[in-house]
Amino acid sequence: MSKVGIAQLQRRLDGLLAFLNPHWDFVNCHMVNYLTEEHWNAFLSETLKSEISGSEDVTLAIDNLFWKTDESVRFPAWREFLGKSKQECLALHPELLTSVEELIEGQENSTQLSIREFMSAKKCHEVELAAALVDHLVKNYGQGGFIVDAGDGKGYLSSRLALQYGHRVLGIDANAENTQNALSRNLKLQRAWNGLTERAELQIQGITPKRRGKKSPARDSTKSAPALENYKTTAKFITTELNFGALLAEHFTQLGPKESPNICLTGLHTCGNLAATCLQVFHAQTDCRLLCNVGCCYHLLRERYSQQEFFGNKALMDLQTDYGFPLSQYLQERQVRMGRNARMLAAQSIERTVDAKELPNVTLYYRALLETLVYRHAPQLKNELQVGKVRKFESFQEYIQKCANKLDAPWLAAVEEEELQSLLQEYAVDKHYLDLFYLLRMSFAPVLESLILLDRLLYLKELGYERSYLINLFDPVISPRHFAIVSIKPLS
């Protein structure tokens with residue numbers, strides 16, 4: 001198994017920072033201001049700009065550099081720039097990663113059942129792989145303990161761990177409605193469990209099961225549904241002060257009040273600061289013996305050195321007492337700061353975009369056009385307007401009408417159609433350039449995510465948890481947040 005050391009992680013972080021330092025303003029720019037602040041001219045070098053001389057070049061560059069990635073001699077400066085960015089991604093540093101196969105090291109691993117009901121194909125992919133990994137960790141290192149699922153949500157992962165693998169699971173979510181929904185979903189899943197597992201087992205054997213709803217004569221009616229007693233939920237906001245042992249004793253009567261449980265702390269796409277908090281809880285609570293965490297929503301991380309930032313859910317952010325980045329002492333000593341827009345970018349997926357050959361939605365361009373209207377008619381609102389999602393519009397004019405209604409903005413409703421049409425004509429060519437700029441900026445997403453993930457891994461290593469690993473768990477096209485942090489405490 002690959003063993004990544006502290007010095008090795010520090011060197012890689014130094015390399016990341018050396019690459020990112022000249023580009024922090026670029027990765028923190030907001031696409032809303034693409035037109036008003038002339039991002040193309042402000043952030044691209046003269047060499048890059050000189051290779052693009054019109055909309056035809058833009059189309060060709062997108063096709064050659066992103067969709068085909070062929071070996072054409074066109075756009076050499078762009079190829080060099082994108083190549084340097086790619087070299088900083090975790091995917092090109094396999095020496096820092098551990099595979100599931102390496103972690104298992106010949107130990108027996110349970111058969112995965114593909115049960116697609118009650119969840120999307122994406123969630124099915126994630127739950128199957130995450131549940132199998134957690135099951136392996138608990139069976140081989142957990143000494144028959146409990147699983148705590150942080151940010152349980154609808155209970156996708158925790159239900160699978162309880163029903164398929166028979167583990168005792170406590171799902172914790174800050175939202176009481178989520179915990180109730182998780183129990184309701186688990187009850188439905190429990191009722192259908194025998195049929196679903198039968199279908200999955202037939203598929204493994206290469207047999208096409210009968211359509212759902214038609215009872216199979218081969219079904220073993222003596223099988224009983226797994227008991228619900230091994231899956232509980234509770235609504236709590238997780239901090240390092242929350243006593244997991246006491247919570248487990250409260251919900252599982254077989255655990256004595258003074259008994260120390262062995263806990264595997266897991267979480268599938270724990271949002272924002274919760275991922276970092278899980279690492280801190282793992283260290284703070286001796287009962288937490290295992291950690292398996294997949295984080296997401298990096299824009300909601302609380303940064304130690306960042307300045308005042310806007311957060312949509314301010315009430316939730318105010319509950320957070322700990323910082324989520326940087327965690328490692330190494331980056332704290334350097335006072336590394338990312339910024340909210342850079343963290344937002346870190347959560348985007350260049351892999352999925354390239355696979356789908358997907359240009360940004362026209363809404364992005366229309367929002368940039370709207371900002372030019374703000375500068376003209378309501379300059380006091382520059383960089384302040386929070387529009388959010390706007391749906392079901394057929395034209396720019398209709399988009400503006402919907403924004404005016406949503407924002408209750410008479411000044412915007414008063415803008416005449418002639419001006420809107422003139423604006424579209426004035427910036428028609430910029431739409432093409434915006435698309436290329438967007439893709440160039442998105443190429444930094446995996447680099448920024450690498451910084452966050454390696455900081456977390458280094459944090460665990462600094463604390464002395466040598467058996468800490470970064471695992472590429474999911475298919476990045478199916479599941480953009482595809483890295484898991486795993487840590488195993490020594491038995492002593």
Side-chain angles (χ1 to χ4, degrees), residues 9-52 58 61-62 65-66 69 75-93 96 298-299 301 303-307 309-310 324-326 328 330-351 353-354 360 364 368 383 430 433-456 458 480 483:
L9 288 170
Q10 290 174 342
R11 286 194 299 272
R12 181 79 289 271
L13 285 166
D14 288 343
L16 280 171
L17 292 173
F19 175 75
L20 285 168
N21 281 338
H23 303 296
W24 283 119
D25 288 342
F26 172 51
V27 296
N28 272 298
C29 75
H30 205 305
M31 293 300 295
V32 163
N33 304 114
Y34 176 80
L35 298 174
T36 53
E37 297 183 4
E38 300 183 355
H39 284 353
W40 183 269
N41 290 325
F43 294 113
L44 268 62
S45 69
E46 292 302 323
T47 307
L48 291 179
K49 287 186 288 187
S50 69
E51 292 185 355
I52 307 292
V58 168
I62 289 174
L65 298 170
F66 294 96
T69 59
F75 316 112
W78 284 77
R79 289 181 189 281
E80 182 183 1
F81 188 83
L82 289 167
K84 288 179 179 177
S85 173
K86 193 172 183 178
Q87 286 295 323
E88 302 300 328
C89 302
L90 273 173
L92 291 188
H93 291 274
L96 302 178
Y298 300 131
H299 60 292
L301 279 172
E303 277 201 62
R304 188 178 297 270
Y305 303 109
S306 90
Q307 304 178 359
E309 296 179 333
F310 167 79
F325 180 86
S328 69
Y330 190 72
L331 292 192
Q332 285 184 38
E333 289 170 358
R334 285 149 185 77
Q335 298 192 8
V336 173
R337 179 176 74 88
M338 292 184 69
R340 185 174 186 271
N341 287 343
R343 299 195 313 275
M344 182 82 79
L345 180 57
Q348 295 184 29
S349 173
I350 187 67
E351 295 96 343
T353 297
V354 168
L364 190 65
N383 306 319
D430 291 278
Y433 283 82
L434 180 148
D435 289 343
L436 181 54
F437 182 89
Y438 172 87
L439 290 172
L440 179 67
R441 185 170 173 269
M442 189 182 274
S443 69
F444 276 71
V447 182
L448 293 162
E449 183 178 33
S450 299
L451 183 64
I452 294 170
L453 293 173
L454 291 178
D455 171 61
R456 292 175 180 177
L458 179 57
F483 290 104

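Both backbone and side-chain heavy atoms feed into the values below; hydrogens, waters and symmetry mates do not.
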Are [X] and [Y] close enough that some pair of their side-chain heavy atoms sits under 4.5 Å apart?
X      : Y      : result
Glu51  : Pro76  : yes
Trp24  : Arg337 : no
Leu48  : Trp78  : yes
Leu331 : Leu458 : no
Tyr305 : Gln332 : yes
Pro480 : Gln348 : no
Asp430 : Trp40  : no
Arg79  : Leu65  : yes

Is the side chain of Asn21 donor-acceptor paired with the backbone N or O of Leu17 at a distance under 3.5 Å, no angle test?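 Between the backbone of Leu17 and the side chain of Asn21 there is a qualifying donor-acceptor contact (under 3.5 Å).
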Backbone of Cys29 reached by a side-chain donor or acceptor of Tyr34 within 3.5 Å: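 Looks like no, no N/O pair under 3.5 Å.
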What distance do [X] atom [atom1] and [Y] atom [atom2] have between them, rounded to the nearest 0.5 Å?
X      : Y      : atom1 : atom2 : answer
Glu37  : Asn383 : CD    : CG    : 5.5 Å
Ser328 : Glu333 : OG    : CD    : 8.5 Å
Tyr433 : Leu44  : OH    : CG    : 11.0 Å
Arg340 : His30  : CZ    : NE2   : 7.5 Å
Leu345 : Glu449 : CG    : CD    : 10.5 Å
Met344 : Met338 : CE    : CE    : 12.0 Å

Between [X] and [Y], which heavy-atom pair has the shortest distance, and what is it?
X      : Y      : result
Ile350 : Ser443 : CD1-N, 4.3 Å
Phe66  : Leu440 : CZ-N, 3.9 Å
Leu453 : Tyr298 : CD2-OH, 4.0 Å
Ala342 : Leu448 : O-CD1, 3.4 Å
Val27  : Arg441 : O-NH2, 3.0 Å
Phe325 : Ile452 : CE1-CA, 4.2 Å

Whether Phe437 and Phe26 hold their rings parallel, tilted or perpendicular, with breakpoints at 30° and 60°: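 Aromatic pair Phe437/Phe26 classed perpendicular.
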Worked verdict on Glu88 versus Lys84 for salt bridge (Lys or Arg N to Asp or Glu O under 4.0 Å): CA-CA 7 Å; Glu88 302 300 328; Lys84 288 179 179 177; over 6 Å; no
Using the rule given for side-chain contact (heavy atoms from CB on, under 4.5 Å), can you reason through Leu434 versus Leu35, listing the C-alpha separation, both sets of side-chain angles and the distance that settles it, and then say yes or no? CA-CA 9 Å; Leu434 180 148; Leu35 298 174; 5.6 Å; no
Contacts of type side chain to side chain donor-acceptor pair (under 3.5 Å), residue [X], not counting sequence neighbours:
X      : answer
Asp14  : Tyr330
Ser450 : none
His39  : none

Run the numbers on Leu16 and His93 for side-chain contact (heavy atoms from CB on, under 4.5 Å), then give the verdict. CA-CA 12 Å; Leu16 280 171; His93 291 274; over 6 Å; no
For the rings on Phe81 and Phe75, is their centre-to-centre separation under 6.0 Å? no
